Amino acid sequence: MRDNLLNYSFEELSASVEMSPSYRVKQLFQGLQAGLDIDEITVLPKSERENLKERFAVGVQISEALTSVDGSQKFLYCTDDDNIFEGVFMPHGYGNTLCVSTQIGCRMNCAFCASGIGGLVRNLCAGEMLGQVLRANRAVGGSGKNRKITNLVLMGSGEPLDNYDNVVKFLRLVSSADGINIGLRNISLSTCGLTENIRRLADEGPDVTLSISLHATTDETRRELMPISSRYTIASIIGAAKYYFEKTGRRIIYEYSMIKNKNIDRFDALRLQQITKGYPSHVNLIMLNSVKERSLEGCTQSEAQRFLKRLTDLGVSATIRRSYGNDIAGACGQLRRSRLAGKEDL
Ligand code: SAH
């Protein structure tokens, strides 16, 4: 596999790609930040472009784009070694969010998630994560100067804290002033709760918003849903969450997918009150997206509203997350699954 040009900051690019005159490096960098391929950066001489193409891949390619009736878009990306994975673009009144993948497949194998079926294929490098942002920004009409993507959530396929170094490098590149410059305040990293790396991120930065996929209020239920819970108890996750808040000043977001007869009774509400007490936090309730290969059932709208009311009556800050792209396989890993199975429909 070729090295990826988007792994390099402007300084690193200047040091490792020899081009003369030296302003050519700047032209290259600006073209890349606009989401262009090497061949599309026509200010560069053809010989230079041929040279670069032999040595480098550029981020990832978009091999398919599906648009939902709600305005969200699902992208299927393809890597230089012909792996496919996906991401979602969600338009909001106040800006637009891109959901970024950090791995192809995932090792965590959560009971409700399509990404873990088949295990981890490989980590994505920083340039392949940045590539998703730059290509999607261009695909929705943005350019290097005209940024259409304002917010990022690391909630695509993969576990970001299981690919720590590449993710941190990506966060630095995507928030850098000479790049697309998405503010760290507008970036959320979602994790199943790898506490050592939560603490490491708290110590070393960058300071992004931390979302923790909780999904259960007892260790027993959480172990049923998320095998990784045998390594990390809820108590240890709360400890790491508080540490993250103390170090960064950022409130903690808990993600909580509501599952019928599993995690939404009044005792769960009471335990969530205890879990979130004493430090700034918010619970994002998620309507479970049913995944064909997984047998869990989501709850009804009225059950969801009842659980929300229980929480807010207890003083817990909580909202039900708006769901996007149900008609275009919005949930993690679904589109990849159907394409790997060779299916044209969803
Ligand atoms: N590995 C990271 C990020 C990827 S998943 C994590 O665990 O947080 C992003 C969020 O979507 C997680 O909260 C995950 O639990 C949730 N999720 C995955 N599959 C889902 C489904 N079918 N329905 C609802 N939420 C789902």
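Values in this document were obtained by computation on a predicted structure and should not be read as measured data. What's counted below: heavy atoms across the whole structure, side chains too, no hydrogens, waters or symmetry copies. Counting starts at 1 for both ligands and their atoms, in listed order.
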Original post:
Counting only N and O atoms by type, is there a donor-acceptor contact under 3.5 Å from the side chain of D207 to the main-chain atoms of T248?
Top reply: no
**OP:** List every atom of ligand 1 that sits less than 4.0 Å from any heavy atom of C192, numbering the atoms from 1 in the order shown and giving each element.
**Re:** 6 (C), 7 (O), 8 (O)
**OP:** Could you list the atoms of ligand 1 found under 4.0 angstrom from a heavy atom of E255?
**Re:** 10 (C), 12 (C), 13 (O)
Original post:
By side-chain hydrogen bond (donor to acceptor under 3.5 Å, both in side chains), which residues pair with T209, not counting sequence neighbours?
Top reply: R250
Original post:
K26 versus Q30: any side-chain heavy-atom pair under 4.5 Å?
Top reply: yes
**OP:** List every atom of ligand 1 that sits less than 4.0 Å from any heavy atom of G158, numbering the atoms from 1 in the order shown and giving each element.
**Re:** 1 (N), 2 (C), 3 (C), 4 (C)
Subject >> S190 and ligand 1 - part of the residue with a heavy-atom distance under 4.0 Å >> reply: both
Subject >> Exam field: side chain E86 to backbone F75, donor-acceptor pair closer than 3.5 Å >> reply: no
Subject >> Ligand-residue contact atoms, ligand 1 with S257, heavy atoms, under 4.0 Å >> reply: 24 (C), 25 (N)
**OP:** Run the numbers for me: atoms of ligand 1, each under 4.0 Å from some heavy atom of C113, listed by number.
**Re:** 18 (C), 19 (N)
Original post:
Could a heavy atom of G298 be found less than 4.0 Å from some atom of ligand 1?
Top reply: no
Subject >> Element-labelled atoms of ligand 1 that are located less than 4.0 Å from some non-hydrogen atom of G156 >> reply: 4 (C)
Subject >> Counterpart residues, side-chain contact (heavy atoms from CB on, under 4.5 Å), relative to N83 (two or more places apart) >> reply: T79, D81, I104, V121, R122
Original post:
Looking at L288, which atoms of ligand 1 are within less than 4.0 Å of one of its heavy atoms?
Top reply: 23 (N), 24 (C)
Original post:
Would M226 count as a contact of ligand 1 if the rule is a heavy atom under 4.0 Å away?
Top reply: no
Original post:
Between F29 and F10, is the gap from one ring center to the other below 6.0 Å?
Top reply: yes
Original post:
Which atoms of ligand 1 are found less than 4.0 Å from any heavy atom of S213?
Top reply: 6 (C), 7 (O), 8 (O), 12 (C), 13 (O), 15 (O)
Original post:
Is it the side chain (CB and beyond), the backbone, both or neither of T191 that lies under 4.0 Å from ligand 1, heavy atoms counted?
Top reply: backbone
Original post:
When the aromatic ring centroids of F112 and H215 are compared, is their separation below 6.0 Å?
Top reply: yes
Original post:
At the 4.0 Å heavy-atom cut-off, does C110 count as touching ligand 1?
Top reply: no
Subject >> M155, H215, M108: member with heavy atom nearest to atom 14 (C) of ligand 1 >> reply: H215
**OP:** Could you go through the side chain to side chain contact (heavy atoms under 4.5 Å, CB included) check for S101 and Q132 one step at a time?
**Re:** CA-CA 8 Å; S101 288; Q132 298 167 52; 3.9 Å; yes
Original post:
So do L210 and R251 actually touch side chain to side chain, heavy atoms under 4.5 Å?
Top reply: no
